[in-house]
2 protein chains.
Amino acid sequence: MAELDSPAQADLVAQWRELLALRATTACALDRELGERHGLGMSEFEVLEHLVEGCVSEGRPALRVSDLAPTVHLSQSALSRLIARLEKAGLVTRSMCELDRRGVVIALTEAGRERYEQARPLHRDVLGRHLGGSEGAVGSAGPVGGACTG
Amino acid sequence: MAELDSPAQADLVAQWRELLALRATTACALDRELGERHGLGMSEFEVLEHLVEGCVSEGRPALRVSDLAPTVHLSQSALSRLIARLEKAGLVTRSMCELDRRGVVIALTEAGRERYEQARPLHRDVLGRHLGGSEGAVGSAGPVGGACTG
DNA sequence: GGACACTACATGCACGTGCATTCAATGCAA
DNA sequence: TTGCATTGAATGCACGTGCATGTAGTGTCC
């Protein structure tokens, strides 16, 4: 009775559900494990990572908030508050941009870089376990377990 | 100086970022368009869809909350409240399960089924536009536009 | 120089989410 | 039957998010 999906649409839906499931389990694992072991959320880690990459690739010691925005899938306000949290935790500093004083320059602190370097192996490991099939460094970060939400 | 990722790890990270980006833009578009045109969030739509599928495939008129849980990537509490919202909107009904009176049986109302049928074409269209490349039904649901968060 | 539109970021507010807890119902054992 | 662990779902609470708005700084046109 009810209209049915065409085969193409059914494929699309199946693809979408698979994508959602993979994202949910992986993101959840990242949030939980990074949170437990390093006191970082997934997005916090990503911001630190982009900060590191930005510095490395452009030789700059810091990035504007507006440079960070497109890389992290967060609203402008969420990013603003996330940076506030990182600053409060002493992992980054916020300072006025000299050239355009509306802008804010975000810089990694030494503690921020250290925290990132410490967390990265776990981040890669979680990715390997969930995305790469079964090539994660077995035994390096505990069992796969974790019910999470998905 | 800082330790670098192995090529395999770099691939993993790239794959993960792509996944995140695709999910963010698609989910955002779904939420926005379904919300604007049908008063449904992405998760609300998914619950209705699973309800419809459950009925079709098993000939049952309703599903237990615990049957719904694994299919939607939400915590138990979030699912509970989401169902409360759907009930308040008159799209589903909650009733006690006769066999196990701890359980709650969720049933689609006529309005719920109608709303789902109305929203489904748009849902499929958004998926087609974002997942399928460029095979979305052009012109059937307005321009792709929308900055969203991603 | 002054008015205006625009951009970069921060903040008030409402809302959805997860965690921990609670309450009711069930199953099992003594 | 009583007692206890377990399960299904709802709820108090804290928190992160997005939207709308506010504030400050920039650039342009008159």
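Every chain is numbered from 1, with letters handed out A, B, ... down the list of sequences. On a predicted model such as this, the values are computed, not experimentally measured, just so you know.
Between Arg81(B) and Val65(B), the residue whose closest nucleotide on DNA chain D is further toward the 5' end is Val65(B). Sequence order on DNA chain D of the closest nucleotides to Ser43(A) and Ala78(B) puts Ala78(B) first from the 5' end.
Protein atom CG of Leu74(A) is 15 Å distant from nucleotide atom P of dC9(C), rounded to whole Å. The distance between atom NE2 of His73(A) and atom C1' of dG16(D), rounded to the nearest whole Å, is 17 Å. Separating the CG atom of Leu79(A) from the P atom of dG16(D) is a distance of 14 Å, rounded to the nearest angstrom. Summarising the geometry, the separation between CD on Glu87(B) and C1' on dA10(D) is reported as 12 Å, rounded to the nearest angstrom. Distance Leu82(A) CG to dG18(D) P: 10 Å, rounded to the nearest Å. Atom CG in Leu68(B) sits roughly 12 Å away from atom P in dA10(D) (whole-Å rounding). Between Ile83(A) atom CD1 and dT17(D) atom P there is a gap of 12 Å when expressed in whole angstrom units. Rounded to whole angstrom, the span from the CE atom of Met42(A) across to the P atom of dT17(C) amounts to 16 Å.
Of the possible donor and acceptor atoms, one in the side chain of Thr25(B) sits under 3.5 Å from a partner among the backbone N and O of Leu22(B). Between the Arg115(A) side chain and the His38(A) main chain, a donor and an acceptor come within less than 3.5 Å of each other.
Between Leu51(B) and Ile106(B), the shortest heavy-atom contact is CD2-CG2, 3.8 Å. Residues Leu82(A) and Ser43(A) come closest through the heavy atom pair CD1-CB, 3.5 Å. Taking each heavy atom of Asp31(B) and Gly41(B) in turn, the nearest pair found is OD1-CA, 3.4 Å.
Under the 3.5 Å distance criterion, with hydrogens and angles disregarded, a donor-acceptor pair is assigned to the side chains of Ser75(B) and Ser77(B).
Between Arg64(B) and dA9(D), a side-chain N or O to OP1/OP2 separation shorter than 4.0 Å is present. When the side-chain nitrogen and oxygen atoms of Arg94(B) are compared with OP1 and OP2 of dA10(D), one or more of them lie within a distance under 4.0 Å. An OP1 or OP2 oxygen of dC15(C) is reached within less than 4.0 angstrom by no side-chain nitrogen or oxygen of Arg85(B). Put simply, Ser66(B) has a side-chain N or O that comes within less than 4.0 Å of OP1 or OP2 on dA9(D).
Between Glu53(B) and Arg120(B), no side-chain nitrogen of the basic residue sits less than 4.0 Å from a carboxylate oxygen of the acidic one, so the salt-bridge criterion is not met. In summary, Glu49(B) and Arg124(B) engage in a salt bridge, as defined by a charged side-chain N under 4.0 Å from a carboxylate O.
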Under 3.5 Å for both distances, Watson-Crick or G-U wobble, that's the pair rule; now give the dot-bracket for DNA chain D, with | marking pairs to another strand and [ ] for crossing ones.
||||||||||||||||||||||||||||||

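Within the 4.5 Å cutoff, no side-chain heavy atoms of Leu40(B) are placed close to those of His123(B).
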For nucleotides 20-26 of chain C, which of its nitrogen or oxygen atoms have a protein nitrogen or oxygen under 3.5 Å away, and what is each distance?
residue: dT26(C); atom: OP1; partner: Arg101(B); partner atom: N; Å: 3.2

